[in-house]
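Beneath this line is the structure, given in structure tokens, with notes to follow.
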Amino acid sequence: MSSTTTAGLRQPIEPFFVGQVPAVKTALNLVARIAATRATVLITGETGTGKDVIARLLHARSDRADRPFFAVNCGALADSLIESELFGHARGAFTGANAQRAGKFAAAHGGTLFFDEVTSMSPHTQSALLRVLQSGEYCPIGSEQTMVCDVRVIAAANRELRELVSAGSFRADLFYRLNIVRIHLPPLRERREDLAMLIDHFLRVFADRYDRGAMQLDPVSRRQLHDYDYPGNVRELETIIHRATLLADGPVVSVEGLLDPASAPAAACAPSAPLGSFHRDKARMVEKFERDYLVAAMRRSRGVVTEAAKAAGLSERNFHLKLRKYGLGRHTLLTDCSPG
Ligand SMILES: Nc1ncnc2c1ncn2[C@@H]1O[C@H](COP(=O)(O)OP(=O)(O)O)[C@@H](O)[C@H]1O
Ligand SMILES: [Mg+2]
């Protein structure tokens with residue numbers, strides 16, 4: 001069954017969360033205060049902001065650290081299999097159940113279950129999870145035996161869960177059960193003060209991994225990395241530095257050609273060489289700016305034009321006209337630009 005990822009039974013090495021801005025300090029303070037409790041935690045933040053790292057940190061700093069940690073990807077769970085996946089089944093419980101099978105709750109007994117991407121959890125799965133959170137007990141399918149659930153539950157969401165609750169696609173009662181402690185991780189573009197630390201951290205990580213000795217970034221690359229927008233957040237930065245270290249000939253690393261131009265607003269500010277007429281160059285620059293801006297705005301709003309137009313301070317009609325002018329459709333934008 002491919003619906004879950006296993007993080008291994010023991011977590012001897014504590015994950016390291018790099019960052020110092022106030023929002024990160026708040027998050028790490030919360031981790032320190034609640035890691036040892038059994039409280040359910042909801043971690044929110046865009047993709048790549050470090051939700052997995054925080055979940056593992058909570059586990060590693062709890063008295064459950066030597067017990068299992070399992071991550072369950074809620075989007076990947078098929079409805080028909082979910083209960084057996086989570087709670088297990090008795091032999092003969094249904095066609096094809098040739099042997100008894102333990103579910104994730106049993107496998108993680110005494111440890112932590114991490115429900116990733118809860119926003120994509122089906123209504124059926126939401127009910128199943130709510131039941132076990134409320135009663136603290138569950139029955140494997142086809143079994144009479146009630147099992148006591150001793151699992152700490154951590155959930156992660158990359159969208160505003162509260163909005164899904166208001167829209168009726170996420171159960172309010174489950175939301176309140178999960179949202180006992182909430183840890184929010186800001187997108188990387190809102191914590192640029194941490195960039196230098198993160199860049200140096202990843203340079204060290206990959207230099208070590210590939211036995212490259214000390215590596216450093218050339219100054220132009222450093223400036224480009226500071227101006228970049230990071231739609232894929234820390235994960236994207238990590239991948240960029242990973243590639244750059246692999247491609248470097250010597251100890252100096254360059255990110256030349258590794259950044260997505262649509263997310264590098266600074267690139268639009270340099271006059272194109274060789275110089276043409278002022279007006280033609282200016283028009284070209286404005287066009288490039290407009291196109292890049294539209295792509296970034298649409299990407300940030302995940303393709304919702306109303307939202308993108310509002311954030312841009314343009315009327316929806318004007319925004320539509322501009323999209324059409326550059327041949328940008330919702331579909332091309334979302335497939336073009338999905339972060340690495
Ligand atoms: N603050 C951080 N310090 C160090 N590495 C980080 C940090 N945040 C994210 N990462 C790294 O970035 C990648 C993506 O993080 P992850 O926790 O999987 O993000 P998410 O679950 O929010 O999508 C991982 O390889 C992780 O190790
Ligand atoms: Mg994740």
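Not measured: the values here are computed from a predicted model.
In this structure the side chain of M147 reaches within 4.5 angstrom of the side chain of Q145, judged on heavy atoms. The side-chain heavy atoms of L30 and R182, taken from C-beta on, include no pair separated by under 4.5 Å. K25 places none of its side-chain heavy atoms less than 4.5 Å from the side chain of P22. With a 4.5 Å cut-off on side-chain heavy atoms, L28 and L57 count as touching. Inter-residue side-chain proximity for M298 and F319 is flagged as met; some heavy-atom pair is nearer than 4.5 Å. Residues I54 and D52 form no side-chain contact, since every pair of their non-hydrogen atoms from C-beta on lies 4.5 Å or further apart. Looking at heavy atoms from C-beta onward, L129 lies in side-chain contact with F115 at the 4.5 angstrom threshold. Between L178 and F170, the closest side-chain pair of non-hydrogen atoms falls below 4.5 Å.
Here OG of S315 is found 9.5 Å from NE2 of H320. Values are rounded to the nearest 0.5 Å. Separating the CD atom in E46 from the OH atom in Y230 is a distance of 14.5 Å, to the nearest 0.5 Å. For the atom pair CZ (R56) and CZ (F17), the distance works out to 13.5 Å, reported to the nearest 0.5 Å.
Between R189 and D227, no side-chain nitrogen of the basic residue sits less than 4.0 Å from a carboxylate oxygen of the acidic one, so the salt-bridge criterion is not met.
Summarising the geometry of G142 relative to A90, their closest heavy-atom pair is O-CB, 3.5 Å, with the distance given to 0.1 Å. In this structure, M121 and C74 approach most closely via the heavy-atom pair CE-SG, 3.5 Å. Shortest non-hydrogen contact noted between C139 and F87 is O-CB, 4.0 Å. Of all non-hydrogen atoms in Y293 and A311, the two that sit nearest each other are OH-O, 4.4 Å. Heavy-atom minimum distance, H59 versus R64: CE1-O, 3.1 Å. Across I141 and A93, no two heavy atoms sit closer than the pair O-CB, 3.4 Å.
Shown here is R38, whose CZ atom has more than 12 heavy atoms of other residues, nucleotides or ligands within 6.0 Å. Sparse packing is recorded around CD of Q100, with 12 or fewer heavy atoms of other residues, nucleotides or ligands lying under 6.0 Å away. In the displayed structure, Y210 atom OH is contacted under 6.0 Å by more than 12 heavy atoms of other residues, nucleotides or ligands. Around CZ of R91, the count of heavy atoms belonging to other residues, nucleotides or ligands within 6.0 Å does not exceed 12. In the displayed structure, E137 atom CD is contacted under 6.0 Å by more than 12 heavy atoms of other residues, nucleotides or ligands.
The backbone N or O of L217 sits nowhere less than 3.5 Å from a side-chain atom of S221 that would complete a donor-acceptor pair. The backbone N or O of A172 lies less than 3.5 Å from no partner atom in the side chain of R177, so there is not a single donor-acceptor pair.
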### Message
Using the rule given for side-chain contact (heavy atoms from CB on, under 4.5 Å), can you reason through T49 versus V234, listing the C-alpha separation, both sets of side-chain angles and the distance that settles it, and then say yes or no?
### Response
CA-CA 6 Å; T49 47; V234 183; 5.7 Å; no
### Query
What's the verdict on salt bridge (charged side-chain N to carboxylate O under 4.0 Å, His left out) for R300 and D229, showing C-alpha distance, side-chain angles and the deciding distance?
CA-CA 10 Å; R300 209 169 288 176; D229 230 19; 2.7 Å; yes
### Task
Before giving the answer on ring-ring contact (aromatic ring centres under 6.0 Å, His included), spell out for H242 and F202 the whole-Å C-alpha distance, their side-chain angles and the decisive distance to 0.1 Å.
CA-CA 8 Å; H242 190 173; F202 289 128; 9.8 Å; no
### Message
Could you go through Y228 and D260, starting from their C-alpha distance and side-chain angles, then the distance that decides it, and tell me whether this counts as side-chain contact (heavy atoms from CB on, under 4.5 Å)?
### Response
CA-CA 9 Å; Y228 192 66; D260 177 354; 3.2 Å; yes
### Message
Working note: I154 + T40, criterion side-chain contact (heavy atoms from CB on, under 4.5 Å); need CA distance, chi angles, decisive distance, verdict.
### Response
CA-CA 6 Å; I154 301 177; T40 306; over 6 Å; no
### Message
Is there a side-chain contact (heavy atoms from CB on, under 4.5 Å) between T306 and E316? Walk through the geometry before answering.
### Response
CA-CA 6 Å; T306 322; E316 205 173 323; 3.5 Å; yes
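Checked options L258, V255, V220, L195; the residue passing with L225 is V255 (criterion: side chain to side chain contact (heavy atoms under 4.5 Å, CB included)). Of the residues R159, E160, H184, the one that meets the side-chain hydrogen bond (donor to acceptor under 3.5 Å, both in side chains) test with T44 is H184.
V132 and V148 are not part of a single hydrophobic cluster, where members link through side-chain heavy atoms under 4.5 Å apart.
Ring geometry for F105 against Y138 counts as tilted: the plane angle lies between 30° and 60°, on a 0 to 90° scale.
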